[in-house]
Amino acid sequence: MLDLPVRLLLIEDNPLHRRLIQQLLTADPQLQCEVEAVERLADGLARLARNDVDLVLLDLVLPDSQELETLLRVRLAAPQVPVVILTSLDDVKLAARAVESGAYDYLVKSNLKSTALSRSIRYTLSRARARGGEWDSPMFRLAQQQFLKAAQYMDLDDNIRQRLLFPQRTQVVSFPFFRDDRSQVETVFGYRVQHVLSMGPTKGGIRYHQDVDLGEVAALAMWMTWKCALMKLPFGGAKGGVRVDPTSLSKRELQRLTRRYTAEIIDIIGPDRDIPAPDMGTDEQVMAWLMDTYSQQVGHAVPAVVTGKPVVLGGSLGRKEATGRGLVYLIKASAEHLGLDLSRASAVVQGFGNVGSYTARFLAEAGVKLVGVSDVSTGLFNPNGLSVDALLAHVAEHRVLAGFPDAEAISNQELLELDCDVLALAALQNQVTVENADRLKCRLLAEGANGPTMLEADDILFERGIFVLPDILGNAGGVTVSYFEWVQGIQNLTWTLEEINARLQTILLDAFHRTLKRAGDNHIDMRTAALIEGVSRVTEAKLLRGVFP
Ligand code: GLU
């Protein structure tokens with residue numbers, strides 16, 4: 001609740017809309033505000049120059065300024081002042097783009113209610129207070145935007161929409177670890193974010209990377225929620241991360257860092273609470289240390305506190321390769337849908353870590369010709385095909401792909417734009433953007449990484465008819481076998497690899513066909529369809545549980 005009157009600037013040229021908004025604003029007693037209304041952008045900018053506006057309600061189409069230009073000029077005049085877009089139903093896409101460009105929210109004028117308007121204002125003001133802090137990252141905005149787009153299509157209840165836009169729990173820690181020379185103590189930042197706690201324990205990996213921040217971890221946690229719900233797994237989404245470059249650490253340093261990070265988040269994890277797993281920069285060994293640290297604290301072995309651990313410690317058969325295997329199951333199903341003969345198809349795989357290398361291997365087993373591959377060190381191209389075994393042998397010896405003899409070295413951009421049937425993304429976020437989406441030459445874009453495609457690029461891919469296996473579907477094989485690992489752990493029994501792969505395939509294909517059907521029925525892209533599948537399930541569960549107290 002806000003105690004002071006909020007100073008609102010309404011920039012809207014339609015007199016009827018202006019009056020409507022002003023009436024709605026005064027109708028809700030929860031919002032104490034003073035409103036000043038202007039009809040031209042120039043007057044709005046002059047008003048902003050006086051520096052006493054708390055929030056701008058902005059119509060993007062004005063007599064003296066149009067579309068995104070309007071927002072950009074407001075942001076330039078008053079970068080700190082949050083903006084909420086007022087849009088007509090026809091311009092929702094434009095409004096969504098405005099949110100991607102820094103506006104906080106958008107409201108559709110035609111069916112606006114006073115409670116929704118007042119809530120959006122109150123919520124925006126509290127988000128603005130968090131901004132400038134670490135929430136504000138491009139990845140978190142992308143995750144929120146994708147969610148808002150899906151919410152708009154499904155006409156999501158506004159109570160639920162506001163509730164799901166931010167994670168429920170966030171732990172930010174800073175902690176020290178000794179470097180190997182024992183004279184230096186390094187202090188790093190770590191995070192654990194739990195997005196939705198209504199579905200069961202929370203689930204999601206831990207990422208070690210030098211660019212990790214709260215916004216990134218929160219985005220990944222939100223995606224985990226939709227992913228688990230899409231797969232019908234009994235988990236909410238979570239994610240963890242430490243801002244550190246793991247390649248700069250020795251194995252002993254990595255162990256000390258992992259144990260201390262585990263100790264810092266120990267109160268919020270556990271087999272019934274929140275179950276970590278590997279993600280970028282972490283692996284089975286890191287999970288083993290995490291499990292050991294947790295078990296030492298409680299006094300007995302607790303294998304089910306993490307998944308993706310070594311098989312000898314209670315890890316599951318098939319977990320290590322599950323993300324790549326799952327992606328290839330889905331590529332096969334997509335190829336069938338598209339009428340693409342995989343035994344004559346070509347593929348490019350971006351990234352050659354766990355997900356990329358297994359994806360390449362399973363694609364090769366399906367008879368696909370691998371013409372391009374990359375890692376941090378280089379891109380490689382060979383129109384006659386690259387041998388996955390030879391690539392793996394090279395990496396085993398040299399750690400990276402650079403220097404691989406039987407290929408031409410190319411840049412990351414060139415790799416993404418190679419002519420191929422299947423482009424599998426298994427590296428970082430933010431790869432397919434408005435800049436290059438027009439130039440992609442694949443028929444099928446398969447996302448093994450989280451968040452590799454920006455929102456506006458999605459529209460371009462959809463218009464171009466490129467079939468997308470969105471991340472929350474494409475890479476869900478990992479968390480699905482993690483779920484199997486957790487189930488085996490709490491029941492103290494083990495499944496065979498055949499059993500695991502068969503169950504994995506059934507779950508993934510079920511989610512694939514539900515998503516495909518929804519996309520076809522509603523004429524929407526696969527990502528939005530997958531999100532709607534996930535969001536609907538979470539919504540149903542939340543409504544059934546109700547609000548405490
Ligand atoms: N980090 C993986 C993901 O993004 C796996 C998470 C898990 O297995 O819990 O889906």
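Note that the coordinates shown come from a computational prediction; the quantities given were computed from them, not determined experimentally. When a ligand or atom number is given, it counts from 1 through the structure's own listing order.
- In terms of heavy atoms, V99 sits closest to R141 at O-CD, 4.3 Å.
- Taking OH of Y191 as the start and CD1 of I206 as the end, the distance is 14.5 Å to the nearest 0.5 Å.
- Atom 1 (N) of ligand 1 has as its closest protein heavy atom D279 OD1, 2.7 Å.
- Of all heavy-atom pairs spanning L416 and L423, the tightest one is O-CD2, 3.7 Å.
- Enclosure of atom CD in Q413 by more than 12 non-hydrogen atoms of other residues, nucleotides or ligands within 6.0 angstrom is indicated.
- Heavy-atom distances between G308 and ligand 1 stay at or above 4.0 Å for every pair.
- For R399, the CZ atom sits in a loose shell: 12 or fewer heavy atoms of surrounding residues, nucleotides or ligands are nearer than 6.0 Å.
- When each of R464, K149, R527, R97 is checked for a salt bridge (Lys or Arg N to Asp or Glu O under 4.0 Å) with D459, only K149 meets the rule.
- Nearest non-hydrogen protein atom to atom 5 (C) of ligand 1 is R319 NH2, 3.6 Å.
- Checked against a 6.0 Å centroid threshold, the rings of F140 and F166 count as neighbours.
- When only non-hydrogen protein atoms are considered, atom 3 (C) of ligand 1 lies nearest to K227 NZ, 3.3 Å.
- Against a heavy-atom cut-off of under 4.0 Å, G205 is close to the following atoms of ligand 1: 1 (N), 6 (C).
- S482 OG, 2.6 Å is the protein heavy atom nearest to atom 8 (O) of ligand 1.
- For atom 7 (C) of ligand 1, the closest non-hydrogen atom of the protein is A277 CB, 3.3 Å.
- Looking at P278 against ligand 1, only its backbone comes within 4.0 Å, counting heavy atoms.
- Close contacts of ligand 1 with M224, meaning ligand atoms under 4.0 Å from a residue heavy atom, involve 3 (C), 4 (O), 6 (C), 10 (O).
- The protein heavy atom nearest to atom 9 (O) of ligand 1 is K203 NZ, 2.8 Å.
- Residues K320 and D283 fail the side-chain proximity criterion, which asks for heavy atoms closer than 4.5 Å.
- Taking every non-hydrogen atom of N450 and a distance limit under 4.0 Å, the qualifying atoms of ligand 1 come out as 4 (O).
- The single protein non-hydrogen atom nearest to atom 4 (O) of ligand 1 is K239 NZ, 2.8 Å, given as residue, atom name and distance.
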